[in-house]
Amino acid sequence: MKKIVLVFSLLILALLLLFQFGKYTLISGDTQIEYIMAGIAIVFLGIGLFINKKTQKPTPVSIHDIDLKKVEELGITNREYEVLQLISIGLSNKEIADKLFLSESTIKTHVSNLLVKLNAKRRTQALQIAKNLQII
C-alpha cells in the first residue's frame with residue numbers, strides 16, 4: 001500500500017512540476033501553448049500505459065492450487081480441460097478451435113460436455129463452478 005501511495009504522490013508531483021514549467025514557459029514567451037499541451041498529453045499517455053501495464057498482470061495460478069483429483073472425479077478429459085482453460089482466458093469457440101487446430105463443432109461438443117459435467121447452464125457459470133472447485 002505504501003508503494004502505491006508513493007508512486008501516485010510522485011506522479012502528482014511530476015504533473016505539478018510539468019504544469020508549473022508550462023506556466024513559466026508560456027509567460028516568458030519561449031514556447032507556444034500547443035507544445036505545452038502536447039507535453040502534458042504525452043505525460044498522461046505514459047501514466048495511462050504504466051497503470052494499464054500494472055493492472056493487466058494475470059494472476060499466476062500455481063499447479064499446486066489446482067485440484068487434479070477433482071478433475072478426474074468429474075470425468076473431464078485432457079482435451080476438455082484444455083478447452084476449459086482457454087474459455088477461462090476469454091476465448092470464443094472459434095478462437096479455441098483455431099488455437100487447438102480443431103473444428104468449431106468439436107469445440108462446441110467439448111463445451112457441451114463440460115457444461116454437463118460441471119452441471120452448468122452457461123459458460124460463465126461453468127467457469128464459476130470450476131473456480132469454486134479449484135480446477136482452474
Side-chain angles (χ1 to χ4, degrees):
M1 184 68 176
K2 290 180 183 179
K3 184 178 178 182
I4 294 171
V5 171
L6 180 65
V7 168
F8 278 105
S9 299
L10 290 174
L11 287 173
I12 291 170
L13 179 65
L15 285 173
L16 181 64
L17 290 173
L18 182 66
F19 285 132
Q20 290 299 322
F21 176 71
K23 186 171 97 176
Y24 168 74
T25 56
L26 187 62
I27 291 173
S28 67
D30 291 342
T31 60
Q32 295 177 350
I33 191 75
E34 290 84 13
Y35 294 130
I36 296 170
M37 290 174 59
I40 292 170
I42 290 171
V43 168
F44 276 105
L45 175 68
I47 291 169
L49 291 174
F50 173 76
I51 291 173
N52 184 37
K53 182 180 176 186
K54 289 294 183 182
T55 59
Q56 296 298 323
K57 283 187 177 178
T59 55
V61 177
S62 173
I63 190 70
H64 302 293
D65 295 341
I66 296 173
D67 190 1
L68 296 176
K69 291 180 182 178
K70 193 68 171 175
V71 173
E72 292 176 12
E73 287 176 15
L74 292 170
I76 297 174
T77 65
N78 289 338
R79 184 60 88 175
E80 290 170 347
Y81 189 68
E82 281 181 287
V83 170
L84 182 63
Q85 288 175 327
L86 293 173
I87 291 172
S88 71
I89 61 173
L91 297 182
S92 66
N93 287 345
K94 176 81 171 128
E95 293 169 330
I96 295 170
D98 292 341
K99 193 169 191 107
L100 297 179
F101 303 107
L102 297 172
S103 70
E104 193 172 352
S105 62
T106 304
I107 299 302
K108 288 179 182 179
T109 302
H110 288 313
V111 171
S112 173
N113 291 340
L114 282 168
L115 294 178
V116 169
K117 291 177 181 179
L118 292 172
N119 195 22
K121 295 179 182 171
R122 295 174 303 281
R123 291 164 60 119
T124 53
Q125 187 181 14
L127 287 176
Q128 186 177 20
I129 292 169
K131 285 182 181 180
N132 290 340
L133 295 174
Q134 295 181 343
I135 60 175
I136 58 168

Can you find a pair of side-chain heavy atoms, one from [X] and one from [Y], that are under 4.5 Å apart?
X: Ile136; Y: Ile87; answer: no
X: Leu100; Y: Val83; answer: yes
X: Thr77; Y: Asn113; answer: no

Cluster link [X] to [Y], ILVMFWY, side chain under 4.5 Å:
X: Val116; Y: Ile129; answer: no
X: Leu68; Y: Leu114; answer: yes
X: Leu127; Y: Ile89; answer: yes

What's the spacing between [X] [atom1] and [Y] [atom2] if we round to 0.5 Å?
X: Ser112; Y: Lys117; atom1: OG; atom2: NZ; result: 10.5 Å
X: Lys99; Y: Ser92; atom1: NZ; atom2: OG; result: 11.5 Å
X: Ser88; Y: Gln128; atom1: OG; atom2: CD; result: 14.0 Å
X: Gln85; Y: Ile96; atom1: CD; atom2: CD1; result: 11.0 Å
X: Leu86; Y: Leu91; atom1: CG; atom2: CG; result: 5.5 Å

- Query: Can you check whether Val5's main-chain N or O pairs, donor with acceptor, with Ser9's side chain at less than 3.5 Å?
  - Reply: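 Side chain of Ser9 to backbone of Val5, a donor-acceptor pair under 3.5 Å: yes, one is there.
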- Does Lys70 reach the main-chain N or O of Gln134 with its side chain, forming a donor-acceptor pair under 3.5 Å?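 No; zero donor-acceptor contacts below 3.5 Å.
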Shortest non-hydrogen contact from [X] toward [Y]:
X: Gly75; Y: Glu80; value: O-OE1, 4.0 Å
X: Asn93; Y: Lys108; value: ND2-CG, 3.6 Å
X: Asp67; Y: Ile135; value: O-CG2, 3.6 Å
X: Ser103; Y: Thr106; value: OG-OG1, 2.8 Å
X: Ile76; Y: Tyr81; value: CG2-N, 3.7 Å
X: Ala130; Y: Leu118; value: CB-CD1, 4.4 Å

- Query: With clusters built from Ile, Leu, Val, Met, Phe, Trp and Tyr whose side-chain heavy atoms come within less than 4.5 Å, directly or transitively, what are the remaining members of the cluster of Leu49, listed by chain and number?
  - Reply: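 Members other than Leu49 - counting any ILVMFWY side chain reachable under 4.5 Å - are Leu45.
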- Item | Which residues share a salt bridge (charged side-chain N to carboxylate O under 4.0 Å, His left out) with Arg79, sequence neighbours left out |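 Partners of Arg79 under the salt bridge (charged side-chain N to carboxylate O under 4.0 Å, His left out) test: Glu82.
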- Just wondering, are more than 12 heavy atoms of other shown residues or ligands nearer than 6.0 Å to CG in Asn119?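 Open.
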